Student: 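The structure's right below; bear with me while I get my questions together.
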Amino acid sequence: MAEYVNLNGTLHPAQDAHLSIYDHGFLYGDGVFEGIRAYDGRVFRLDEHVARLYRSALALAIEISIRPDQMRAAILETVRANEMRSCYIRVSVSRGVGLGLDPEHIDRTSTIVISTKQLRLYPQSMYDNGLEVVTASTRVPPAVCIDPQIKSLGRYINNILAKMEANRVGAGEALMLNMAGNVAEATGDNLFIIRGGELITPPTSEGALVGITRLAAMEIARSQGIPVREAPVTLYDCYTADEAFLTGTAAEVIPMVRLDCRNIADGKPGPLTRGIIEAFRVCTATEGAPIYD
Ligand code: PXG
């Protein structure tokens, strides 16, 4: 079946969806995006993703030319056009088209692209046995330079470099530190540690994205009676944690069992992590905006 892409409100076969070479997203990373997932006919936390997209755009003074409810409908329409039930949905929005940095001199009609893909996931064995992670030398930019709450295209060059550091040593992910040397997050996932029965995750002021899976994991933990706290996390805290895991739309909830050649506790996924993974799978299977009524 042909793959369809929604470009500025119109569905095109993927090979016919063309962007200007002067699109500000391409030229300068001047845009925002969301990575969303559908599970068996339902889009997980669609409204939260759309809301975050518009907050990111607002913070960068990018005017998205359609309303959030129209964006929501366009996302669902695109998944339907591709006859998908479970997939990864990518929404990218750029400021507009024109050469030169100055937004005054470009056509500030936002470019909006919505596409769907089959996901390549971590293999099940990594959920069962956990992920080996390394600390990257590439830092997250300080919040005074670019607020980590903004899911912008341009921000990701550092994350890509950090991911390449992980690839170089065969690790599944890389942790990124902030300028103070505390752990901010992984390249495309948030970090959690468990210590003394308590769940701890770095606050966004430490350089973490306000992850939607992060929020789901916090809600699940609280509902299971596990206390949750946002606090700075050091590498020492990770090395000596009872359990650790990462959360993200792509990875879902995945145990982190080794960091920088050190086992975390016994080097196996811990019981609280397993409980949260199980509950998260129930959430993704039962919640979400229906794609096909
Ligand atoms: N931190 C960063 C830097 C991220 O990019 C997360 C944490 C997890 O957030 P969510 O809301 O997904 O729980 C992310 C998510 C992509 C892609 O297109 C990127 C993400 C998610 C899905 C797809 O590469 N980043």
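For reference, positions follow the sequence shown, starting with 1. Values below: all heavy atoms of this structure, side chains included; hydrogens, waters and symmetry mates excluded. Note that the structure is predicted; figures quoted are calculated from it, not measured.
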Student: For Tyr236, does the OH atom sit with more than 12 other heavy atoms under 6.0 Å from it, leaving out its own atoms?
Tutor: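 Incorrect, the count does not exceed 12.
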Student: Using a distance-only test with no angle check, is there a side-chain donor-acceptor pair under 3.5 angstrom linking Glu243 and Thr273?
Tutor: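 A donor-acceptor contact under 3.5 Å links the two side chains.
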Student: Taking 4.0 angstrom as the limit, do Asp30 and Arg95 come out as a salt bridge?
Tutor: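 Salt bridge present between Asp30 and Arg95.
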Student: Less than 3.5 Å apart, any donor N or O on the side chain of Arg80 or Thr78 sitting next to an acceptor on the other?
Tutor: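 No, no side-chain donor-acceptor pair sits under 3.5 Å.
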Student: Should Asp260 and Thr135 be marked as a side-chain hydrogen bond (donor to acceptor under 3.5 Å, both in side chains) after you check the CA-CA gap, both sets of side-chain angles, and the distance that decides it?
Tutor: CA-CA 6 Å; Asp260 300 333; Thr135 304; 2.6 Å; yes
Student: Got Ile75 and Val91 here, is their nearest side-chain heavy-atom distance under 4.5 Å?
Tutor: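 Yes, at least one pair of side-chain atoms sits under 4.5 Å.
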Student: Could you tell me the separation between the OG1 atom of Thr213 and the CD1 atom of Ile254, rounded to the nearest 0.5 Å?
Tutor: 12.0 Å
Student: So, Ser137 and Glu165: side-chain donor and acceptor under 3.5 Å apart, yes or no?
Tutor: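 Yes, Glu165 and Ser137 have a side-chain donor paired with an acceptor closer than 3.5 Å.
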Student: Near Tyr88 OH, under 6.0 Å, is it more than 12 heavy atoms from other residues, nucleotides or ligands?
Tutor: yes
Student: Does Gln70, at its CD atom, have more than 12 non-hydrogen atoms belonging to other residues, nucleotides or ligands within less than 6.0 Å?
Tutor: yes
Student: Between Phe280 and Phe44 (judged by ring centroids, cut-off 6.0 Å), do the two rings come close enough to count as a pair?
Tutor: yes
Student: Could you tell me if the side chain of Ile114 sits less than 4.5 Å from the side chain of Glu77, heavy atoms only?
Tutor: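 Heavy-atom side-chain distance check fails, nothing below 4.5 Å.
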Student: Would you check if Met256 and Leu259 make a side-chain contact, meaning some heavy-atom pair closer than 4.5 Å?
Tutor: yes
Student: Test Glu206 against Glu185 for side-chain contact (heavy atoms from CB on, under 4.5 Å), laying out the working first.
Tutor: CA-CA 9 Å; Glu206 290 286 299; Glu185 57 182 346; over 6 Å; no
Student: Between atom CG of Asn8 and atom OG1 of Thr111, what is the distance when rounded to the nearest 0.5 Å?
Tutor: 5.5 Å
Student: Apply side-chain contact (heavy atoms from CB on, under 4.5 Å) to residues Leu46 and Arg72 and explain how you reach the verdict.
Tutor: CA-CA 7 Å; Leu46 175 57; Arg72 186 185 194 282; 3.6 Å; yes
Student: What's the shortest heavy-atom distance between Ile193 and Ala241, and which atoms?
Tutor: CB-CB, 3.9 Å
Student: Can any side-chain N or O of Arg42 pair as donor or acceptor with the backbone N or O of Gly288 at less than 3.5 Å?
Tutor: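 Looks like yes, one N/O pair under 3.5 Å.
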Student: Which heavy atom of Ile146 sits nearest to which heavy atom of Pro141, and what is that distance?
Tutor: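 In this case the closest contact between Ile146 and Pro141 is CG2-CG, 3.7 Å.
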Student: Can you tell me how far the OG1 atom of Thr116 sits from the CD atom of Glu3, to the nearest 0.5 Å?
Tutor: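 Output value for this atom pair is 6.0 Å.
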Student: So, Glu173 versus Thr187: side-chain donor-acceptor pair below 3.5 Å or not?
Tutor: yes
Student: Does the distance from a Lys or Arg side-chain N to an Asp or Glu carboxylate O, for Glu34 and Lys151, drop under 4.0 Å?
Tutor: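 Not counted as a salt bridge, because no side-chain N and carboxylate O are separated by less than 4.0 Å.
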Student: When rounded to the nearest 0.5 angstrom, what distance separates OH in Tyr39 from SG in Cys87?
Tutor: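 So the OH of Tyr39 and the SG of Cys87 are separated by 11.0 Å.
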Student: Would you call Arg214 and Glu230 a salt bridge, using N to O less than 4.0 angstrom?
Tutor: yes
Student: Looking at every heavy atom in both Ala136 and Ala162, which two are closest together, and how far apart are they?
Tutor: CB-CB, 3.7 Å
Student: Give a yes or no on whether Leu191 and Leu131 share a hydrophobic cluster (residues Ile, Leu, Val, Met, Phe, Trp, Tyr; joining criterion: side-chain heavy atoms under 4.5 Å apart).
Tutor: yes
Student: Parallel, tilted or perpendicular: which one describes the rings of Phe33 and Tyr156, with boundaries at 30° and 60°?
Tutor: perpendicular
Student: List the atom of Ser115, the atom of Val5, and the distance in Å for their closest heavy-atom pair.
Tutor: CB-CG2, 4.3 Å
Student: Could Arg274 and Tyr127 be counted as a cation-pi pair, given that NZ or CZ must be under 6.0 Å from the ring centre and within 45° of the axis?
Tutor: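 No, Arg274 does not sit over the ring of Tyr127.
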Student: Look up atom CG in Leu235 and atom CG in Asp237, then write down how far apart they are to the nearest 0.5 Å.
Tutor: 9.0 Å
Student: Between Leu119 and Met84, is there a shared hydrophobic cluster once you connect ILVMFWY residues whose side-chain heavy atoms come closer than 4.5 Å?
Tutor: no
Student: I'd like to know whether Arg37 forms a side-chain contact (heavy atoms from CB on, under 4.5 Å) with Val43, so could you lay out the CA-CA distance, the side-chain angles of the two residues, the decisive distance to 0.1 Å, and finally the verdict.
Tutor: CA-CA 6 Å; Arg37 271 181 81 165; Val43 181; over 6 Å; no
Student: Less than 3.5 Å apart, any donor N or O on the side chain of Thr234 or Asn182 sitting next to an acceptor on the other?
Tutor: no
Student: Taking C-beta and beyond as the side chain, do Arg139 and Met179 meet within less than 4.5 Å on heavy atoms?
Tutor: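 When only atoms from C-beta onward are counted, Met179 and Arg139 do touch, with a gap below 4.5 Å.
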Student: Quick check: closest heavy atoms across Gly25 and Leu153, and the distance to 0.1 Å?
Tutor: CA-CD1, 4.0 Å
Student: For side-chain contact (heavy atoms from CB on, under 4.5 Å), just list the numbers for Val93 and Leu53, CA-CA rounded to whole Å, side-chain angles, deciding distance to a tenth of an Å, and then say yes or no.
Tutor: CA-CA 9 Å; Val93 178; Leu53 181 74; 4.2 Å; yes
Student: Please name the pair of heavy atoms, one in Asp266 and one in Asn263, separated by the smallest distance, quoted to 0.1 Å.
Tutor: O-ND2, 4.2 Å
Student: Have Asp23 and Ser20 got a donor and an acceptor in their side chains that come within less than 3.5 Å?
Tutor: no
Student: Could you tell me whether the side chain of Asn82 and the main chain of Tyr4 form a donor-acceptor pair under 3.5 Å?
Tutor: yes
Student: Take a 6.0 Å sphere around CD of Gln224 and say whether it holds more than 12 heavy atoms from other residues, nucleotides or ligands.
Tutor: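 Enclosed.
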Student: Under 3.5 Å, is there a donor on one side chain and an acceptor on the other for Ser110 and Ser65?
Tutor: yes
Student: Could you check whether any side-chain heavy atom of Ile277 comes within less than 4.5 Å of a side-chain heavy atom of Pro255, counting everything from C-beta outward?
Tutor: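 Contact flag for Ile277/Pro255 side chains = yes.
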Student: Less than 4.0 angstrom from a charged side-chain N to a carboxylate O is my criterion; do Glu287 and Arg45 meet it?
Tutor: yes
Student: Would a single hydrophobic cluster contain both Leu7 and Ile66, if residues Ile, Leu, Val, Met, Phe, Trp and Tyr are joined by side-chain heavy-atom contacts under 4.5 Å?
Tutor: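 Looking at the clustering, Leu7 is in a separate group from Ile66.
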Student: Would you say that Phe192 contacts Leu246 through its side chain, given a criterion of any heavy-atom pair below 4.5 Å between the two side chains?
Tutor: no
Student: Can you tell me how far OG1 of Thr138 sits from CE of Met164, rounded to the nearest 0.5 angstrom?
Tutor: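 That separation rounds to 9.0 Å.
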Student: Could you check if a side-chain atom of Met71 sits within less than 4.5 angstrom of a side-chain atom of Ile64, using non-hydrogen atoms only?
Tutor: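 A side-chain contact under 4.5 Å exists here.
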Student: If hydrophobic clusters are built by linking Ile, Leu, Val, Met, Phe, Trp and Tyr wherever their side-chain heavy atoms come under 4.5 Å apart, do Phe26 and Leu99 end up in the same one?
Tutor: yes
Student: Counting only heavy atoms not in Tyr122 (residues, nucleotides, ligands), do more than 12 fall under 6.0 Å from its OH?
Tutor: yes
Student: May I ask you to check whether Asp189 and Thr247 show a side-chain donor-acceptor distance below 3.5 Å?
Tutor: no
Student: Could you walk me through whether Glu63 and Arg108 pass salt bridge (charged side-chain N to carboxylate O under 4.0 Å, His left out), step by step?
Tutor: CA-CA 8 Å; Glu63 206 174 302; Arg108 273 172 295 159; over 6 Å; no
Student: Are Leu175 and Val140 linked, directly or through other ILVMFWY residues, by side chains that come within less than 4.5 angstrom of each other?
Tutor: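 Different clusters.
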